[in-house]
Participant: 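Please see the structure below; I have some questions.
Because the structure is predicted, anything quoted here is derived from the model rather than measured. In this chain, numbering begins with 1 at the start of the sequence shown.
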Amino acid sequence: MDSPDIAILGTGAHAPAKILTNHELARTVETTDEWIVTRTGIRERRIAGKNETTSLMAAAAGRAALADAGIEAAQVDLIIVATLTPDVPMPATACLVQHLLGVPARAACFDLNAACSGFLYALDTAWALLGSGRYRHALVIGAEKLSTIVDWTDRSTCVLFGDGAGAVVLGPARGTAKILGMRLYAEGAHAGLLGVPRGPRSYIQMKGREIFKIAVREMEDAAREILEQHGLAATSIACVVPHQANLRIIESLAQYLGLPLERFVVNLDRYGNTSAASIPLALDEARRAGRVRPGDTTLFVAFGAGLTYGSALVRW
Ligand code: UT7
């Protein structure tokens, strides 16, 4: 069911200061800058400091989004943090963020894990809750400290991921930035392709090639279905904010949708794959760079472990 009166009122992001370049990585694992750039488009990623927790990054992004929206912490009554790297299994990162931001006790706060699609899952959840009329202002955050679950001796995965956070404030529409629609999906049959197994070596493990092919198909399906639902041609989309996993995946998606690559926001060259943080981080950058203009329709599209995937349409 559509909730047409809910809008993105502001965006914010936080990226750790420490940069880890491909050249630096090539000193510790058997890889090269050339291999990483050619196969993924990634040139560097951010790495959080020892005490720079997921909740601190999430709060920094959330604070920036509130400032951008002109909304006080006291007005927030819902916080959802999408993350697969919470500070601790409990309490929820969202409660830690609530305390850090001074959001009042009457707010509902919880975490959500849909891996790299987590931000879209959190956005849809918040949209539905706000649409119910029981909540008014939501902070929806994607935040990850993936450096803690990366096996830094495994060249097939360690070159891909990075840390960071991005956030949006959702609230009653002021005439712009309305969420037009969202679609979420999951294919649990592919759960074994990407994950963090329990055990002494509890690191990200994945079958990259298989995921690549499925990811392109899933993102194309998610994009096409939502466009169809809203009677829009792909060419009417001014700007696509895709999950930032691999430039070749984004290029394939652009080709299948018949859109020039210039319409896609790409910042994975500087951040790598930040999982649930990737779309809000890229969105905030795109807005600040003036790439999202009033009246534009933007498409968000993601895939991740699960395998989960989804899409969203926003009219600015
Ligand atoms: O958010 C979801 C997260 N997951 C993904 O996004 C994964 C999607 N998949 C991918 O992005 C790509 O499959 C990768 C970037 C992971 C890998 O690219 P690929 O073109 O599928 O390479 P590959 O796995 O088929 O490996 C090709 C070769 C192998 O060597 P051999 O067997 O051909 O001799 C690998 O051992 O490249 C080797 N290789 C590397 N070489 C240098 C794998 N990783 C590296 C590396 N540096 N970092």
Participant: Are Ile214 and Ile211 close enough that some pair of their side-chain heavy atoms sits under 4.5 Å apart?
Facilitator: no
Participant: The test is salt bridge (Lys or Arg N to Asp or Glu O under 4.0 Å); show your working for Glu52 and Arg46 and say whether it passes.
Facilitator: CA-CA 12 Å; Glu52 199 173 10; Arg46 301 298 179 99; over 6 Å; no
Participant: Show me, pair by pair, the donor-acceptor contacts under 3.5 angstrom made by side chains of residues 166-177, not counting sequence neighbours?
Facilitator:
unit_1	atom_1	unit_2	atom_2	d
Arg174	NH1	Ala69	O	3.3
Arg174	NH2	Ala69	O	3.1

Participant: Restricting to side chain to side chain contact (heavy atoms under 4.5 Å, CB included), what partner residues turn up for Val150, sequence neighbours left out?
Facilitator: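 Residues passing side chain to side chain contact (heavy atoms under 4.5 Å, CB included) with Val150: Trp152, Cys158, Phe161, Ile204.
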Participant: Around atom OH of Tyr256, are there more than 12 heavy atoms from other residues, nucleotides or ligands closer than 6.0 Å?
Facilitator: no
Participant: Quick check: does any side chain N or O of Asp87 sit under 3.5 Å from a backbone N or O of Thr54, one acting as donor and the other as acceptor?
Facilitator: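 Yes; at least one donor-acceptor contact below 3.5 Å.
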Participant: According to a hydrophobic-cluster definition based on side-chain heavy atoms being under 4.5 Å apart (Ile, Leu, Val, Met, Phe, Trp, Tyr only), do Val140 and Leu78 belong together?
Facilitator: yes
Participant: State, with a plain yes or no, whether a side-chain heavy atom of Val159 is found less than 4.5 Å away from one of Ile42.
Facilitator: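 They are not in side-chain contact.
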Participant: Kindly assign one of parallel, tilted or perpendicular to the pair His243 and Phe303, based on the angle between their ring planes and the thresholds 30° and 60°.
Facilitator: perpendicular
Participant: Would a 4.5 Å heavy-atom cut-off, applied to side chains only, mark Phe264 and Val241 as touching?
Facilitator: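 Result no, sub-4.5 Å side-chain heavy-atom pair not found.
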Participant: Could you report the tightest heavy-atom contact between Phe119 and Ala276, atom names first, then the distance?
Facilitator: CB-O, 3.3 Å
Participant: List the atom of Glu144, the atom of Thr85, and the distance in Å for their closest heavy-atom pair.
Facilitator: OE1-OG1, 2.6 Å
Participant: Just wondering, are more than 12 heavy atoms of other shown residues or ligands nearer than 6.0 Å to CZ in Arg183?
Facilitator: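 Yes, the 6.0 Å shell around CZ holds more than 12 heavy atoms from other groups.
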Participant: From Ile6 CD1 over to Leu129 CG, what is the distance, rounded to the nearest 0.5 angstrom?
Facilitator: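 So the CD1 of Ile6 and the CG of Leu129 are separated by 10.5 Å.
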Participant: Which heavy-atom pair separates Asn273 from Leu146 by the least distance, and what is that distance?
Facilitator: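 It is O-CD1, 3.4 Å.
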Participant: Check this for me, if you would: do Glu262 and Arg291 make a salt bridge, where the nitrogen-to-carboxylate-oxygen distance has to be below 4.0 angstrom?
Facilitator: no
Participant: Are Asp163 and Arg45 within salt-bridge range, i.e. N to O under 4.0 Å?
Facilitator: no
Participant: Starting at CD of Gln75, measure out to CG of Leu9 and round the result to the nearest 0.5 Å.
Facilitator: 9.5 Å
Participant: For Glu44, enumerate each residue passing the side-chain hydrogen bond (donor to acceptor under 3.5 Å, both in side chains) test, keeping only those at least two apart in sequence or located in another chain.
Facilitator: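 Once residues adjacent in sequence are excluded, Glu44 has no partner under the side-chain hydrogen bond (donor to acceptor under 3.5 Å, both in side chains) criterion.
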Participant: When hydrophobic residues are tied together by side-chain contacts of less than 4.5 Å, even through go-betweens, does Tyr135 share a cluster with Ile79?
Facilitator: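 No, Tyr135 does not connect to Ile79 through the hydrophobic network.
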Participant: Would you please say whether a donor-acceptor pair under 3.5 Å links the side chains of Thr11 and Arg287?
Facilitator: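 Checked: Thr11/Arg287 side chains pair up, N/O donor to acceptor below 3.5 Å.
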Participant: Determine whether more than 12 heavy atoms belonging to other residues, nucleotides or ligands lie under 6.0 Å from atom CZ of Arg43.
Facilitator: no
Participant: Quick check for you: to the nearest 0.5 Å, what is the distance between Leu139 atom CG and Arg63 atom CZ?
Facilitator: 10.5 Å
Participant: For Thr297, what residues pass the side chain to side chain contact (heavy atoms under 4.5 Å, CB included) criterion, not counting sequence neighbours?
Facilitator: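 Thr297 satisfies side chain to side chain contact (heavy atoms under 4.5 Å, CB included) with Leu180, Leu232, Ile237, Leu313, Arg315 once adjacent residues are dropped.
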Participant: Is the backbone N or O of Ala114 less than 3.5 Å from a side-chain atom of Thr308, with the two atoms forming a donor-acceptor pair by type?
Facilitator: yes
Participant: Are Val314 and Leu130 connected, step by step, through hydrophobic side chains (Ile, Leu, Val, Met, Phe, Trp, Tyr) whose heavy atoms are closer than 4.5 Å?
Facilitator: yes
Participant: If hydrophobic clusters are built from ILVMFWY residues whose side chains come within less than 4.5 Å, do Met219 and Leu281 share one?
Facilitator: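 No: no chain of side-chain contacts under 4.5 Å links Met219 to Leu281.
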Participant: Between Leu112 and Val81, is there a side-chain heavy-atom distance shorter than 4.5 Å?
Facilitator: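 In short, these two side chains do not touch, never coming nearer than 4.5 Å.
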Participant: When you look at Thr93 and Asp111, which way does the side-chain hydrogen bond (donor to acceptor under 3.5 Å, both in side chains) test go after all the steps?
Facilitator: CA-CA 6 Å; Thr93 316; Asp111 290 2; 2.7 Å; yes
Participant: List the steps, then state whether side chain to side chain contact (heavy atoms under 4.5 Å, CB included) holds for Leu193 with Leu307.
Facilitator: CA-CA 8 Å; Leu193 294 182; Leu307 294 181; 4.3 Å; yes
Participant: Could you measure the distance from the CG atom of Leu84 to the NZ atom of Lys145? Nearest 0.5 Å is fine.
Facilitator: 14.0 Å
Participant: Taking the side chain as everything from C-beta on, heavy atoms only, tell me whether Val240 gets closer than 4.5 Å to Val301.
Facilitator: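 Side chain of Val240 against side chain of Val301, heavy atoms only: contact under 4.5 Å found.
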Participant: Looking at every heavy atom in both Tyr121 and Tyr185, which two are closest together, and how far apart are they?
Facilitator: OH-O, 2.6 Å
Participant: Which pair of heavy atoms, one from Ala64 and one from Arg288, lies closest together, and at what distance?
Facilitator: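 Heavy atoms only, the tightest pair is O-NH2, 4.4 Å.
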Participant: Between the side chains of Glu228 and Arg224, is the shortest nitrogen-to-carboxylate-oxygen separation below 4.0 Å, so that they form an ion pair?
Facilitator: no
Participant: Among residues at least two apart in sequence or on other chains, which ones pass side-chain hydrogen bond (donor to acceptor under 3.5 Å, both in side chains) with Ser252?
Facilitator: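 Residues passing side-chain hydrogen bond (donor to acceptor under 3.5 Å, both in side chains) with Ser252: none at all.
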Participant: Is there a path of hydrophobic side-chain contacts, each under 4.5 Å between heavy atoms of I/L/V/M/F/W/Y residues, joining Ile226 to Ile250?
Facilitator: yes
Participant: Just wondering, do Asn22 and Val37 contact through their side chains at under 4.5 Å, heavy atoms?
Facilitator: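 Yes, close enough: below the 4.5 Å cut-off.
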Participant: If we only count heavy atoms from C-beta on, is the Gln98 to Cys109 side-chain gap below 4.5 Å?
Facilitator: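 A side-chain contact exists here, since the closest heavy-atom pair is under 4.5 Å.
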Participant: Any side-chain to backbone donor/acceptor pair from Asp77 onto His137? Under 3.5 Å, distance only.
Facilitator: yes
Participant: Measuring from atom OG1 of Thr40 to atom CH2 of Trp35, what distance do you get when rounded to the nearest 0.5 angstrom?
Facilitator: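 So the gap between those two atoms works out to 7.0 Å.
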Participant: So Tyr271 and Gln244, side chain to side chain contact (heavy atoms under 4.5 Å, CB included) or not? Walk me through it.
Facilitator: CA-CA 9 Å; Tyr271 297 104; Gln244 308 283 313; over 6 Å; no
Participant: Distance only, no hydrogens: is a donor on one side chain within 3.5 Å (strictly under) of an acceptor on the other, for Glu225 and His230?
Facilitator: no
Participant: Val266 vs Leu247, test: side chain to side chain contact (heavy atoms under 4.5 Å, CB included). Steps then yes/no.
Facilitator: CA-CA 8 Å; Val266 176; Leu247 182 59; 4.0 Å; yes
Participant: How would you list all residue pairs meeting side-chain hydrogen bond (donor to acceptor under 3.5 Å, both in side chains) that involve residues 193-205, not counting sequence neighbours?
Facilitator: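 Qualifying pairs, neighbours excluded: Asp151-Arg201.
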Participant: If every non-hydrogen atom of Ala26 is compared with every non-hydrogen atom of Thr32, which pair is closest and at what distance?
Facilitator: CB-CA, 4.3 Å
Participant: Looking at CG of Asn267 and OG of Ser278, how far apart are the two atoms once the value is rounded to the nearest 0.5 Å?
Facilitator: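 Nearest 0.5 Å value for the CG-OG distance: 7.5 Å.
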Participant: Between Glu72 and Leu66, is a side chain to side chain contact (heavy atoms under 4.5 Å, CB included) present by the stated rule, with each step listed?
Facilitator: CA-CA 7 Å; Glu72 300 292 326; Leu66 287 173; over 6 Å; no
Participant: Check the surroundings of atom CD in Glu24: do more than 12 heavy atoms from other residues, nucleotides or ligands lie under 6.0 Å from it?
Facilitator: yes
